[in-house]
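Only one structure is covered here, and it is reproduced in the block below.
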Amino acid sequence: MFSFGDIMSEAFVLILNWDRNLSEIVALSLRVTLSAVFLSCLIGLPLGALVGAFRFPGRGILTVLLNALMGLPPVVVGLFVYLMLSASGPLGPLQLLYTPLAMIIAQTILVTPIVAALTKQVVEDLHGEYAEQFASMGLRAYDRIAALLWDARYSLMTVALAGFGRAVAEVGAVLIVGGNINHVTRVMTTTIALETSKGNLELALALGVLLLSIAVIVNAVVMALRASAVRAAYA
Amino acid sequence: MRDTVMDMIPAQVATSAALLEARNLSFEAGGKRLIDGVSLTIREGSRTLIMGANGAGKSLLLRLLHGLLPPSAGQVLWRGATPDHTARRAQSMVFQRPVMLRRSVLANLNFALSMHGVRGAQRATEAGRALDMAGLTDLARHPARVLSGGEQQRLALARALIGQPHLLFLDEPTSSLDPASTQMIESLIDAAHARGVTIVMVTHDMGQARRMGDEVIFLHAGQVAETGPLDQVLRHPRSEAARAWTEGRLYTNSTL
Ligand SMILES: Nc1ncnc2c1ncn2[C@@H]1O[C@H](COP(=O)(O)OP(=O)(O)OP(=O)(O)O)[C@@H](O)[C@H]1O
Ligand SMILES: [Mg+2]
């Protein structure tokens, strides 16, 4: 039998004796997650703004779809990307399966609907205020979207944060398309799953503590940035 | 002396070309006809006041004329033709509740300038001039949304004038302002008018009407009750709605 206290202290020893293995895993986690969040924002912000600020045929369906996709089961996304990227799949020739890029693709698919749906909400509210002024000024669609995204940027930081939270904690999809290969596609969540099943609880717990710390730090930094920026210049 | 001046302006205006026309304009919403068969002409260089009780449809009429709402029936003509994008660029509007971007005072002006294609050094110069004109130079870096009501109105007006519009719509620009702020707004409007900007303004203020108006369009329950030169409408109103108004009697939409 194990004692929780013992494992906890051993986990902290592991963290304090920070080694190559640990930094490799944490670094890959951050690289994959941040890339996925970046790509999701690249697609999701304008998409969400478009749906939030304009009426067009199919807007209702798109909204329902985005909201539904927010709750996509990661393993289903993993399976889908796996089928696309596997040797016999349509993107097989690219040989991306079991690479960090495959993991980035899977996470981008997971996070984009979250970013888009939340952006839509934020932009729709702001557009309610601005719409008549913009119409009066005769703004083109592109200028409207740019102005709305810019003026909503502090709220949108929180949106990106929600996407980050989803991506960094996700395990099912990256496990399927990344394969949890040592030194290649091993990230914090997949390592925790693997090491726990192997009974290597100290390492699993150490990574768990790190994952939690990263989530807390990232949130704190973004919130502080947001608060000080809002205080400094905008009401 | 004052009467001669007042009499001359409408005559002079009446000879200028029609800038904006409404033909049998109607607007329905929620099963109600809120604007009902309004026809009017705004002449180039004129100052037209739209007056009438709360809920008469003044703000709606401005929105229809400015092209922010599609009419249910009838049409708006800009220089005799269907308004196109040049019409939109040649008009601007100050809303009853000014809409401020969540940016600084200066950034609000810069935004309007950029949208008119003014950038770089010229933008800085023009924004500086607009700030100065509106007496907002000291507040340039403040968030626009924390300005007082009067300051916001001045900013909204300065921003509306930035693209050098031909036609300026004003929806009760001084309704909640003190005399000093009202005077600032009025002198900004006067200056714009002196540069040739056509003014269409909603007001409830009789004194302001006398100071700022050439023509009056008196609305009652979505219809034009009376229209004519300011002096005539305010001194010798023919319609019951306008007469009640000038005599200070209560005369509500339901009285008709
Ligand atoms: N989009 C709309 N849908 C339904 N009713 C509307 C709409 N817009 C305005 N109304 C109604 O139309 C009437 C006229 O409104 P409007 O804002 O034009 O009045 P107003 O003459 O500007 O009044 P005030 O002096 O109070 O500003 C009001 O009864 C208002 O409730
Ligand atoms: Mg009104």
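Order of the sequence lines fixes the chain letters, A, B, ..., with proteins taken first and strands second; residue numbering starts at 1 for each chain.
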Q) Within a radius of less than 6.0 Å around CD of B:Q75, do more than 12 heavy atoms belonging to other residues, nucleotides or ligands occur? A) yes
Q.
Shorter than 4.5 Å, heavy atoms on both sides: which option in B:R63, B:M100, B:H116, B:M93 has the most such pairs with chain A?
A. B:R63
(Q) Under the rule for salt bridge (charged side-chain N to carboxylate O under 4.0 Å, His left out), what residues qualify as partners of B:E21, not counting sequence neighbours? (A) B:R23
**Q.** CZ/A:F56: more than 12 non-hydrogen atoms of other groups inside 6.0 Å
**A.** yes
Q) Is the number of heavy atoms from other residues, nucleotides or ligands under 6.0 Å of A:F54 CZ greater than 12? A) yes
(Q) Quick check on the interface: out of B:R97, B:H85, B:R159, who has the most heavy-atom pairs with chain A under 4.5 Å? (A) B:R159
**Q.** Choice from A:E129, A:R140, A:M137 maximising heavy atom contacts with chain B below 4.5 Å
**A.** A:E129
Q | Under 4.5 Å from a heavy atom of chain B, the part of A:A147 involved | A | both
Q: Apply side chain to side chain contact (heavy atoms under 4.5 Å, CB included) to the pair A:E132 and B:V99, showing each step before the final yes or no.
A: CA-CA 8 Å; A:E132 281 208 313; B:V99 182; 5.5 Å; no
Q) Once you round to the nearest 0.5 Å, how far does CZ of B:R103 lie from CH2 of A:W150? A) 7.5 Å
Q | Interatomic distance, B:F111 atom CZ to A:L139 atom CG [nearest 0.5 angstrom] | A | 4.5 Å
Q: Let me know if B:L101 has heavy atoms under 4.5 Å from chain A in its side chain, its backbone, both or neither.
A: both
(Q) To check you understand the geometry: which heavy-atom pair defines the closest contact between A:D151 and B:R102, and what is its length? (A) OD2-N, 3.4 Å
Q) Side-chain contact, heavy-atom cut-off 4.5 Å: B:F95 with A:S136? A) yes
Q) Is it the case that more than 12 heavy atoms not belonging to A:L16 sit under 6.0 Å from its CG atom? A) yes
Q: Report, as yes or no, whether the 6.0 Å neighbourhood of atom CG on B:D84 holds more than 12 heavy atoms from other residues, nucleotides or ligands.
A: yes
Q) Is it the side chain or the backbone of B:A112 that comes within 4.5 Å of chain A heavy atoms, both, or neither? A) both
